[in-house]
Undergrad: 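Sending over a structure as structure tokens; questions will come in a sec.
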Protein chains: 2
Amino acid sequence: MFYTELNAKIDYSRDNLRWNAWGAYGQDFFRVAQMQEILGFLSDEFKVTDIRKTPPVALEEITLPKSTLSAVQIRELGKISGTKHFSTERRERIFHSAGRSYYDVLRLSFDSLKHFVDGVIYPSKESEISKILEYCSKNNITVIPFGGGSSVVGGLEVVKGKGQKSVLSLDTTRMDSLVHLDSESHLATVQAGIYGPKLEKLLNDQGFTLGHFPQSFEYSTLGGWIAARSAGQQSNRYGKIEEILTCLKVITPTGTVQTLREPASSTGPDLNQIFAGSEGLLGVISEATIKVHKLPETRKYFGIVFPNFKSGVNFIKDVNHREIPTSMIRLSDKNETRLYQTLGTLGKKMTPGRWIKNLIQAQVLKFKSLGEEKCVILLGLDGSREDVSQNFSKIKKIIGNHGGLYAGTHLGEQWIHSRYNMPFLRNHVMENGIGVDTMETSTTYDRVLNLHKEGISALEKSIPGSIAMCHISHSYHEGACLYYTIIFPMDEKKPADQWFKMKRTVSETFFQNGAPISHHHGVGLDHKAWYEKATSKPALLGLRAFKKEIDKKEILNPGKVFH
Amino acid sequence: MFYTELNAKIDYSRDNLRWNAWGAYGQDFFRVAQMQEILGFLSDEFKVTDIRKTPPVALEEITLPKSTLSAVQIRELGKISGTKHFSTERRERIFHSAGRSYYDVLRLSFDSLKHFVDGVIYPSKESEISKILEYCSKNNITVIPFGGGSSVVGGLEVVKGKGQKSVLSLDTTRMDSLVHLDSESHLATVQAGIYGPKLEKLLNDQGFTLGHFPQSFEYSTLGGWIAARSAGQQSNRYGKIEEILTCLKVITPTGTVQTLREPASSTGPDLNQIFAGSEGLLGVISEATIKVHKLPETRKYFGIVFPNFKSGVNFIKDVNHREIPTSMIRLSDKNETRLYQTLGTLGKKMTPGRWIKNLIQAQVLKFKSLGEEKCVILLGLDGSREDVSQNFSKIKKIIGNHGGLYAGTHLGEQWIHSRYNMPFLRNHVMENGIGVDTMETSTTYDRVLNLHKEGISALEKSIPGSIAMCHISHSYHEGACLYYTIIFPMDEKKPADQWFKMKRTVSETFFQNGAPISHHHGVGLDHKAWYEKATSKPALLGLRAFKKEIDKKEILNPGKVFH
């Protein structure tokens with residue numbers, strides 16, 4: 001067994017998941033002492049001495065309006081999946097009324113979220129989803145499909161459709177079975193409400209892996225991945241989820257859509273690629289058949305240091321154009337390299353920083369000649385021993401061409417073990433007056449360096465005193481994904497305004513550079529304005545017409561993406 | 001330079017292209033003596049002695065109705081691209097009124113084609129396309145976008161939209177420039193009316209290749225490939241055209257759609273994958289940006305003989321699941337293997353058969369133990385010397401596991417040199433009372449053997465006395481394309497009925513097996529009924545609504561695919 005870093009112990013019962021921050025209770029590995037060091041370091045970076053704590057309000061303090069569902073509606077909806085699986089309780093409603101973006105957590109923490117779902121339903125099968133959509137169409141109730149609830153783009157924002165008085169959250173997580181594993185075709189048919197670790201565990205038990213490990217892996221679902229076109233950290237090898245997808249089943253208000261179980265075809269527009277990325281606007285994804293792979297025999301994850309970002313980008317381009325198969329090539333720019341390097345020296349037991357610590361300790365002398373502009377690449381190979389060895393040797397041969405220095409496997413292994421921890425760090429810093437957000441896009445190689453520079457500059461300008469950094473997280477034949485992180489002292493008086501300004505500035509920069517508003521986070525509500533600006537009008541109107549035809553009362557997740 | 005087998009000498013002037021059969025005049029390499037031998041052999045196979053010649057009628061004999069375009073319309077349309085580039089001439093109208101399916105050639109040969117375009121226009125730029133669509137929307141004129149005209153699924157069938165009195169063919173082939181080659185991102189931006197050889201030559205001259213070589217390569221265009229989701233013979237390496245596509249420009253009656261130049265994104269449904277496969281129903285594809293690759297350093301194409309189809313399929317599955325990069329794996333079933341083997345002994349200079357001839361001469365003794373069920377695989381590798389050598393060695397290691405026998409590179413090289421010749425053979429046999437048609441689909445590995453069997457059986461039953469055979473032409477992680485060929489004595493009294501029966505029987509077999517009606521030929525008119533049966537109704541209605549929104553008067557290629 002290979003992907004054994006699975007955290008299969010998470011208790012997903014709704015009471016055990018944080019209603020206002022990332023993850024489950026008891027899964028956080030950061031300790032108080034570590035956090036003090038980190039917070040101290042960040043304050044120094046910001047050159048601000050009076051960062052105030054920003055503790056979240058308690059669940060009871062959230063200003064929650066009464067559910068607008070009538071007694072009759074509550075009774076009727078309760079009949080569909082059973083009263084045990086329908087709720088209008090405070091915690092359930094609040095938990096389902098936001099995703100996990102910075103803005104979401106901010107509003108939950110400060111009691112400034114304005115709109116809430118009026119009820120939550122947990123169907124157990126497709127016929128129940130059909131009934132829910134039918135009932136809600138007839139009764140003008142907005143339906144927001146809900147998977148793990150990890151959207152960071154306002155995909156779960158409670159927006160009512162025209163003439164709709166109530167909003168229902170349709171939680172898919174009871175539908176989480178592995179329906180069929182076809183070990184001949186290497187395909188798994190799975191219910192879409194399944195969380196990442198359970199899915200991966202079920203496959204691992206039979207010698208397979210999905211190989212899809214987005215940052216949100218532990219708290220997101222298959223259906224959510226498809227709805228938002230997610231990318232796993234090993235996407236260089238396994239592809240984005242829309243490429244992993246072979247066919248799917250979607251329950252719409254006008255019937256079920258089942259796409260063909262086929263490796264490829266030339267039968268009109270690709271329906272999979274219409275429903276992938278539809279973010280709940282076109283139906284509820286109930287099941288998907290996805291490509292699985294035999295667990296790789298071995299892996300090799302290692303670090304390489306390059307003199308600057310440009311040489312790192314050239315190396316990535318070179319590896320891709322030579323078609324050397326990799327699982328991951330992750331290039332941190334100088335700011336991110338420096339930050340992780342410093343974090344690595346803080347809190348001896350703080351795992352997410354430790355990957356870089358060893359870099360410092362063991363390689364620092366060698367790196368000296370690499371200077372202040374140096375950038376680290378983490379490169380991962382998975383496969384048979386023969387393939388990994390051959391590919392490693394091909395890569396080692398070209399590192400020098402780009403001025404790089406091989407930095408050993410320790411960094412890579414550390415990264416693998418701590419890769420799902422970052423959102424927990426955000427939980428902590430946000431309680432302590434510090435904001436963290438991420439934005440991501442993609443572009444072709446000829447534009448990567450310029451867009452990198454403009455993105456960093458936009459971030460720094462939008463929040464003076466912030467730390468802005470970037471890494472390349474996924475790369476392709478023709479280009480790569482740029483993933484930005486900004487860390488900043490929160491304006492605790494107007495935190496939303498501060499965030500909006502940042503979001504607008506960066507989004508506009510992406511747009512001006514002809515880059516998409518998202519590479520793998522999705523559009524939701526937060527990116528909608530830029531998505532609409534970037535999408536040719538006939539296509540946008542065409543998509544709306546498609547939705548209107550399939551969801552005549554327009555009850556499904558209205559006001560997002562192209563609606 | 002690598003892909004030097006390009007036929008760059010083809011004269012595409014409309015007078016030089018056969019109006020009723022495949023290809024250009026003077027490009028046919030079959031000789032009379034060879035044809036006599038082939039025809040004799042086929043007659044023996046059919047056990048029919050009195051196959052009658054079925055010579056085609058002359059151009060002048062075609063019953064062509066008068067163009068319904070009014071004098072005013074002719075004048076107005078003539079103004080858009082200039083009178084030199086607008087025509088209502090007999091030859092032009094007939095040439096643009098059909099594709100190159102068996103049924104098309106049949107009707108052109110027998111003067112039984114019923115519907116013709118009323119005029120042909122050759123725009124030179126996008127603004128002219130916009131004007132044409134605007135004019136035709138206003139004047140209720142159907143527009144059928146035309147690339148190479150090589151559709152084999154009735155994609156060019158002249159069908160008038162509701163309330164439309166005339167039909168205009170919009171020929172894109174004047175728009176055939178390489179707009180930009182981005183050698184950093186390995187992307188080419190190209191006008192969509194370009195023919196395969198010109199495009200490949202322009203790229204080769206700068207050290208690149210597109211790697212897209214469909215059977216129709218010499219007589220089809222980039223825009224046509226995208227519109228019908230074509231697959232090249234090296235698709236294992238380069239992908240189907242919809243995967244090669246990075247972004248495109250489509251001129252629609254309601255404006256221009258330009259998708260983003262991005263390697264990947266998560267911004268709603270994938271518009272590229274809506275327009276790819278839209279077969280002219282949603283707009284005229286005017287430009288595309290496509291992935292190009294450095295010309296490979298070397299290639300190795302070789303034959304392998306397997307004891308039966310099943311072992312060949314298992315080998316293909318194994319190679320794909322081991323993720324050994326190949327350019328092509330082409331497995332002929334026993335019928336196809338036997339036919340090519342025999343053809344190889346006929347007409348010494350007949351190149352398409354020669355690839356198998358050497359197999360017979362050099363390996364026959366070795367093969368003896370392989371018996372009557374034996375099947376040949378042609379496997380192609382392209383890449384750096386190091387990669388090709390490593391991959392060849394990996395493949396050689398597993399051939400034996402599946403009972404296969406390596407049969408040398410001669411077969412592969414012969415195949416490369418004769419790969420575009422088969423449609424010319426059809427030209428000849430169809431004049432001699434013999435029909436040939438092909439049908440293709442795809443399925444997952446768990447269903448390949450059964451579908452293969454059922455497809456062959458359906459073909460044989462549909463036309464008693466026919467030769468039915470199949471090969472796997474493209475393979476994937478989860479399955480493969482099955483490509484069937486049927487050769488039969490033509491029922492010269494009711495040839496269309498004979499063909500319809502065959503088409504219906506096989507299409508129904510694909511449908512009953514849950515397999516798509518096409519893997520890379522498209523839907524057009526011929527496959528529409530089965531496409532509609534196989535497509536979930538909400539999706540079908542959604543696509544229609546999309547079209548209706550983007551093409552309000554529904555002038556674009558009406559009555560095809562989902563319309």
Undergrad: Using the rule given for side chain to side chain contact (heavy atoms under 4.5 Å, CB included), can you reason through Arg229(A) versus Asp270(B), listing the C-alpha separation, both sets of side-chain angles and the distance that settles it, and then say yes or no?
TA: CA-CA 10 Å; Arg229(A) 295 185 167 262; Asp270(B) 186 344; 3.3 Å; yes

Undergrad: For Ser265(A), is there any backbone N or O sitting under 3.5 Å from a side-chain donor or acceptor partner on Ser442(B)?
TA: no

Undergrad: Which region of Ser384(A), side chain (C-beta onward) or backbone (N, CA, C, O), has a non-hydrogen atom less than 4.5 Å from a non-hydrogen atom of chain B, or is it both or neither?
TA: neither

Undergrad: Go through the atoms of Val292(A) and report whether side chain, backbone, both or neither lie under 4.5 Å from a heavy atom of chain B.
TA: backbone

Undergrad: Given that the side chain runs from C-beta out, which part of Ala515(A) has a heavy atom under 4.5 Å from chain B: side chain, backbone, both or neither?
TA: backbone

Undergrad: Name the option with the most non-hydrogen atom pairs under 4.5 Å to chain B; the candidates are Glu279(A), Lys548(A), Glu440(A), Gln390(A).
TA: Gln390(A)

Undergrad: May I ask you to test the Leu271(A)-Thr535(B) pair for a side-chain heavy-atom distance under 4.5 Å?
TA: yes

Undergrad: Shorter than 4.5 Å, heavy atoms on both sides: which option in Gly524(B), Gly522(B), Gly255(B) has the most such pairs with chain A?
TA: Gly522(B)

Undergrad: Which bit of Ile517(B) is near chain A, if near means a heavy-atom gap under 4.5 Å: side chain, backbone, both or neither?
TA: both

Undergrad: Name the region of Leu187(A), side chain, backbone, both or neither, that has any atom closer than 4.5 Å to a heavy atom of chain B.
TA: side chain

Undergrad: Under a 3.5 Å distance rule, please check whether Lys547(B) uses its side chain to pair with a backbone N or O of Gly542(A) as donor and acceptor.
TA: no

Undergrad: Are His293(B) and His477(A), when compared by the centres of their aromatic rings, separated by less than 6.0 Å?
TA: yes

Undergrad: Which atoms of Ala480(A) come close to chain B, meaning under 4.5 Å heavy atom to heavy atom: side chain ones, backbone ones, both, or neither?
TA: backbone

Undergrad: Answer whether the closest heavy-atom distance between the side chains of Lys397(A) and Glu386(B) falls below 4.5 Å.
TA: yes

Undergrad: Looking at Lys394(A) and Asp387(B), is any side-chain nitrogen of the basic one under 4.0 Å from a carboxylate oxygen of the acidic one?
TA: yes

Undergrad: Restricting to non-hydrogen atoms, name the atom on Ala228(A) and the atom on Ser266(B) that form the minimum distance, rounded to 0.1 Å.
TA: O-CB, 3.2 Å

Undergrad: Considering only heavy atoms, which portion of Thr256(A) lies under 4.5 Å from any heavy atom of chain B: side chain, backbone, both, or neither?
TA: backbone

Undergrad: Would you mind checking which part of Ile274(A) comes under 4.5 Å of any heavy atom in chain B, side chain (CB onward), backbone (N, CA, C, O), both or neither?
TA: both

Undergrad: Does anything in residues 525-534 of chain B get under 4.5 Å of chain A by heavy atoms, and if so which residues?
TA: Tyr531(B), Ala534(B)

Undergrad: Pick from Glu478(A), Gln273(A), Lys537(A): which one has the most heavy-atom pairs with chain B under 4.5 Å?
TA: Glu478(A)

Undergrad: Between Asp446(B) and Arg261(A) (salt bridge meaning N to carboxylate O under 4.0 Å), is one present in this structure?
TA: yes

Undergrad: Between Pro269(B) and Phe546(A), is any pair of side-chain heavy atoms under 4.5 Å apart?
TA: no

Undergrad: Looking at Pro538(A), is its backbone amide N or carbonyl O close enough to the side chain of Thr254(B) to form a donor-acceptor pair, meaning the two atoms are under 3.5 Å apart?
TA: no

Undergrad: Determine the option with the most heavy-atom pairs under 4.5 angstrom with chain A, choosing from Gly283(B), Ala539(B), Gly268(B).
TA: Gly268(B)

Undergrad: Residues two or more places apart in sequence or in another chain: which of them pass ring pair (Phe, Tyr, Trp, His ring centres under 6.0 Å) with His180(B)?
TA: none

Undergrad: Need one label for Val561(A): side chain, backbone, both or neither, based on atoms under 4.5 Å from any heavy atom in chain B.
TA: side chain

Undergrad: Taking all heavy atoms of His321(A) and all of Glu184(B), pick out the closest pair and write down the distance.
TA: CE1-O, 3.2 Å

Undergrad: Only pairs of heavy atoms separated by less than 4.5 Å count here; which of Thr252(A), Asp182(A), Leu282(A) has the most with chain B?
TA: Asp182(A)

Undergrad: Check this for me, if you would: do Glu549(A) and Arg544(B) make a salt bridge, where the nitrogen-to-carboxylate-oxygen distance has to be below 4.0 angstrom?
TA: no

Undergrad: Answer with yes or no whether the side chains of Thr267(A) and Ser518(B) bring together a donor and an acceptor at under 3.5 Å.
TA: no

Undergrad: Under 4.5 Å from any heavy atom of chain B, what part of Glu242(A) do you find: side chain, backbone, both or neither?
TA: side chain

Undergrad: Using heavy-atom distances under 4.5 Å, tell me whether Ala264(A) contacts chain B through its side chain, its backbone, both, or neither.
TA: both

Undergrad: When you measure from the side chain of Ser185(A) to the backbone N and O of Tyr445(B), does any donor-acceptor pair fall under 3.5 Å?
TA: yes

Undergrad: Taking the basic N atoms (NZ, or NE/NH1/NH2) and the acidic carboxylate oxygens, is any pair closer than 4.0 Å for Lys294(A) and Glu323(B)?
TA: no

Undergrad: When only pairs under 4.5 Å are counted, which of Arg322(A), Lys317(A), His474(A) shares the most heavy-atom pairs with chain B?
TA: Lys317(A)

